[in-house]
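A note on names: the letters A, B, ... follow the listed sequences, proteins ahead of strands, and every chain is numbered from 1.
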Amino acid sequence: MAPIHYLPSLKHVAICGGTHGNEMSGIFLVKHWLRNPTELQRDTFHATPFLGNPRAVDKCVRYIDRDLNRTFSAEFLNSKDSDIESYEVQRTWEVNQIFGPKGSFQAYDFMFDLHNTTSNMGACLIVDSEHSLLPMHMCNYIQKHYTKSSCPIFLYQLPGEETYGISSVAKAALALELGPQPQGVLRADLLAQMQSIMACALDFTDLFNKGMLFPAFKIEAHKVAQRIDYPRYSDGEISAVVHPNLQDKDFLPLKPGDPIFQTVNGEPILYEGNDITYPAFINEAAYYEKKVAFVLMEKHTFSLPALQKKF
Amino acid sequence: MTSSQVVQEVPMRRIAIFGGTHGNELSGVFLVKRWQEDGTEIQRPGLEVKPFMANPRAVEKCCRYIDCDLNRVFDADHLGMKVTDDTPYEVKRAQEINCMFGPKGGHKEAYDLIFDLHNTTANMGSTLILETTTNDFTIQLCNYIKDSLAPETCSVFLIEHPNLKYATTRSIAKYPVGVEVGPQPQGVLRADILDKMRKIVKHGLDFLHIFNTGKEFPPCTIEVYKITEKVDYPRNKNNEIIAVVHPNLQDQDWQPLSPGDPMFLTFEGKTIPYEGDSVIYPTFVNEAAYYEKNQAFIKTVKQKLSAKGVRACLS
Ligand SMILES: [Zn+2]
């Protein structure tokens, strides 16, 4: 039998909403918890809610100067005055001071980061990689205890890539990505879903802190492989839209020869890869400027060892 | 049919199609860009059809507007305002648009008809927006488009109201027609929504073309939803929203809401019911752009609207 892995308890836990100022579920929840934090209290810890990008939240935009969920890399964390103009870089330093410093012993033990997407991704759980044992156990716990919908797992880190998201300030993290919800819109169904999943995740944290042994398990997860841009004219304008057959089909298999885009004249553009793949973030509003029409993922089954708190 | 039931109108000559009145409503933005490069699809014999990007700076930034909502400033005050350095971009733009396609007020030089293309995050499907009950020609146009799209539904929303009507971009034309298709998130382009919008414009232009050939359209009656009231979210004393649109009402645009039906859901899980005393038909339910306008949805009532027959007078 594989050995049990022991990890320290989670005492300092933060919950970030409004990393993007127009993703309303997390913003609304965090504002609610700031007024009334009883839902966040457990026997072994109190989670701290905060707004990631308060100025963007005020204006109901994704960001003011640049995407705050891309600035927690060494480049920005270590930059001094060069980028002082950028509100998000300043905010990065503030968040790093309060909840980090990133990579240090004093950093928060865990951070949740609450997002919405315009894509039909359901209740997606985002972890950097399958090597993050504690978040993977948390995902497994959520999948077993939150059964109103499936909660697919998305592993976002490409091999060798540095982490750059806001939650990378903490020692471990989980992001929730709930959709579909338009930017600037608050839907009751997604709000209730996010609230329930968070309650479940906090329960897991509490049980872990109390010393519960979480046995080894196998779990299915999707690992990002490639980002696909829209077809474009020479002036950069997009020349085709996501094909109706692909729209809203996040996490469903895409086969070689399946249509992925549709030109203005109605002609389909087909997927030319050699293997079955799994798309996500299909037609996400915020990714037009990032030149991503959707991402392609590989589906894997991972085996993870048992986990218990280090006494 | 007696001639008194038929209104003679001069043929249509100049038509404009506005996209990007709101810069993050991408169906119209996309279509206008394409038609500016290749207008074959919107050309009709005898008609001059001009595709036009109404708010290009907002389109570039993919936001609704830069300084203020362009679709609310086509009133006499704003159109007559003296331009200074502090004048909002959209007010300046409104004056430019008024010069190019107006002037507003039924002048002879104004464009005959403007289609203004919008998207909504609400589940409104294909919707045509009418400004008045008194115009036989636009009612006939709506009737033609509805018939052509059937069995697909196309609703007609009437914004005629003593204080709820707003000063739209298209209102400078003799015949203003709003086109609103949803649900589509801001900043997103969906193939299905794009297709619906294209069909509406196609049938609209076909109607104008057929009308110009001298065909007589007999009297008709259409069903419209007339605006009666705007409903705000429940808020606390800091003006923060304390309840969301109830799941039973979400996505139910144009469906009857009866007294006692759930309307909002508070954070504590309390349902706030609709307390009016008659059935209403909500629309623009949970539209992203209306949070800042303090609007959770718009109440409408169903009514019939009749038009006399119309025919072009070909001299
Ligand atoms: Zn609009």
Side-chain angles (χ1 to χ4, degrees), chain A residues 22 24-25 27-29 31-36 39 59-62 116-120 179-193 195 230 233 235 237-248 259 261-266 268 282-289 293, chain B residues 24 26-27 29-31 33-38 40-41 61-64 119-123 182-195 198 233 236 238 240-251 262 264-269 271 285-292 296:
Chain A
N22 52 13
M24 304 304 277
S25 305
I27 294 167
F28 202 74
L29 278 175
K31 282 185 176 174
H32 169 68
W33 290 329
L34 287 168
R35 282 191 296 265
N36 180 4
E39 264 175 59
K59 299 183 93 170
C60 195
V61 293
R62 185 172 171 90
N116 292 118
T117 171
T118 64
S119 308
N120 187 26
Q181 180 171 269
Q183 297 175 345
V185 166
L186 191 56
R187 288 183 62 106
D189 47 2
L190 292 194
L191 192 66
Q193 199 175 34
Q195 196 174 14
Y230 293 91
Y233 295 109
D235 64 357
E237 298 280 351
I238 69 169
S239 62
V241 298
V242 168
H243 196 279
N245 292 12
L246 178 61
Q247 178 72 48
D248 305 327
F261 295 108
Q262 187 175 53
T263 70
V264 187
N265 304 322
I282 298 169
N283 211 347
E284 158 58 40
Y287 287 180
Y288 279 74
E289 65 170 23
Chain B
N24 53 12
L26 293 190
S27 305
V29 171
F30 187 78
L31 288 174
K33 274 186 190 164
R34 298 289 72 82
W35 291 333
Q36 282 176 335
E37 276 158 30
D38 178 0
T40 322
E41 185 181 336
K61 297 185 84 172
C62 195
C63 57
R64 186 172 172 90
N119 292 119
T120 170
T121 65
N123 188 25
Q184 180 171 269
Q186 298 175 345
V188 166
L189 193 54
R190 288 183 62 106
D192 49 358
I193 300 291
L194 193 67
D195 187 54
R198 259 173 125 165
Y233 293 91
N236 64 16
N238 299 329
E240 292 165 320
I241 290 173
I242 54 160
V244 293
V245 169
H246 195 280
N248 291 19
L249 176 58
Q250 177 72 48
D251 305 327
F264 295 108
L265 184 65
T266 71
F267 213 89
E268 287 69 34
T271 294
V285 177
N286 210 349
E287 158 59 42
Y290 288 176
Y291 279 77
E292 65 171 24

Asker: Which atoms of A:Tyr233 are under 4.5 Å from chain B, going by heavy atoms: the side chain, the backbone, both sets, or neither?
Answerer: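 Side chain only.
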Asker: At a 4.5 Å cut-off on heavy atoms, which part of A:Asp248 comes close to chain B: side chain, backbone, both, or neither?
Answerer: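 The answer is the side chain of A:Asp248.
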Asker: Counting only heavy atoms closer than 4.5 Å, note whether A:Gln195 contacts chain B via side chain, backbone, both or neither.
Answerer: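 Side chain only.
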Asker: For B:Phe30, is it the side chain, the backbone, both, or neither that has a heavy atom closer than 4.5 Å to a heavy atom of chain A?
Answerer: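 Answer is side chain: those atoms of B:Phe30 sit under 4.5 Å from chain A.
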Asker: Considering residues at least two apart in sequence or located in another chain, which fulfil the ring pair (Phe, Tyr, Trp, His ring centres under 6.0 Å) criterion with A:His32?
Answerer: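 Partners of A:His32 under the ring pair (Phe, Tyr, Trp, His ring centres under 6.0 Å) test: B:Phe267.
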Asker: What closest approach, in Å, do B:Asp251 and A:Arg187 show between heavy atoms, and which atom pair accounts for it?
Answerer: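 So the minimum-distance heavy-atom pair works out to OD2-NH2, 2.8 Å.
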Asker: For A:Asp235, give me all partners under side-chain hydrogen bond (donor to acceptor under 3.5 Å, both in side chains), at least two apart in sequence or on another chain.
Answerer: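 Applying side-chain hydrogen bond (donor to acceptor under 3.5 Å, both in side chains) to A:Asp235 gives none.
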Asker: Nearest 0.5 angstrom please: A:Lys31 NZ to B:Asn238 CG, how far?
Answerer: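 Spacing of NZ (A:Lys31) from CG (B:Asn238) equals 10.5 Å.
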Asker: Please name the pair of heavy atoms, one in A:Val242 and one in B:Ala191, separated by the smallest distance, quoted to 0.1 Å.
Answerer: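 A:Val242 and B:Ala191 have their closest heavy atoms at O-CB, 3.5 Å.
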Asker: Could you check which of A:Cys60, A:Pro180, A:Ala188, A:Ala192 has the highest count of heavy-atom pairs closer than 4.5 Å to chain B?
Answerer: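 Sorted descending by pairs with chain B, the first entry is A:Ala188.
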Asker: Tell me, for B:Glu240 versus chain A, whether the close heavy atoms (under 4.5 Å) come from the side chain, the backbone, both or neither.
Answerer: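 Side chain only.
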Asker: Would you mind checking which part of A:Gln181 comes under 4.5 Å of any heavy atom in chain B, side chain (CB onward), backbone (N, CA, C, O), both or neither?
Answerer: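 Neither; nothing under 4.5 Å.
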Asker: Just wondering, do A:Gln183 and B:Val188 contact through their side chains at under 4.5 Å, heavy atoms?
Answerer: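 Not in contact.
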Asker: Side chain, backbone, both or neither: which part of B:Asp192 has a heavy atom under 4.5 Å from chain A?
Answerer: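 Neither the backbone nor the side chain of B:Asp192 comes within 4.5 Å of chain A.
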Asker: Counting only non-hydrogen atoms closer than 4.5 Å, does B:Asp195 touch chain A with its backbone (N, CA, C, O), its side chain (CB onward), both, or neither?
Answerer: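 Neither part.
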Asker: Quick one: closest heavy-atom pair of A:Leu191 and B:Val244, and the distance?
Answerer: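 Of all heavy-atom pairs spanning A:Leu191 and B:Val244, the closest is CD2-CG1, 4.2 Å.
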Asker: Which answer fits B:Leu31, side chain, backbone, both or neither, if we ask what part of it has an atom under 4.5 Å from a heavy atom of chain A?
Answerer: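 Neither part.
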Asker: Which one of A:Val241, A:Asn283, A:Thr118 has the most heavy-atom pairs closer than 4.5 Å to chain B?
Answerer: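 Most pairs with chain B among the choices: A:Asn283.
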Asker: Within a strict 4.5 Å, meaning less than it, do heavy atoms of the B:Arg198 and A:Val264 side chains meet?
Answerer: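 Sidechains of A:Val264 and B:Arg198: in contact.
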Asker: Given 3.5 Å as the limit, does a donor-acceptor pair link the side chain of B:Tyr291 with the main chain of A:Leu186, or not?
Answerer: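 Checked: pair present.
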Asker: Report the distance from atom OG1 of A:Thr263 to atom CZ of B:Arg34, rounding to the nearest 0.5 Å.
Answerer: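 Output value for this atom pair is 11.0 Å.
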Asker: To the nearest 0.5 Å, what is the distance between CZ on A:Phe28 and CD1 on B:Ile241?
Answerer: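 Nearest 0.5 Å value for the CZ-CD1 distance: 6.5 Å.
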Asker: When only pairs under 4.5 Å are counted, which of B:Cys62, B:Ala243, B:Ala289, B:Gly187 shares the most heavy-atom pairs with chain A?
Answerer: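 Of the candidates given, the most pairs with chain A belong to B:Gly187.
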Asker: Between A:Arg35 and chain B, which part of the residue has a heavy atom less than 4.5 Å away: side chain, backbone, both or neither?
Answerer: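 Interface part for A:Arg35: side chain.
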Asker: As an exercise, state the distance from CG of A:Asn265 to CG of B:Asp38, rounded to the nearest 0.5 Å.
Answerer: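 The distance works out to 8.0 Å.
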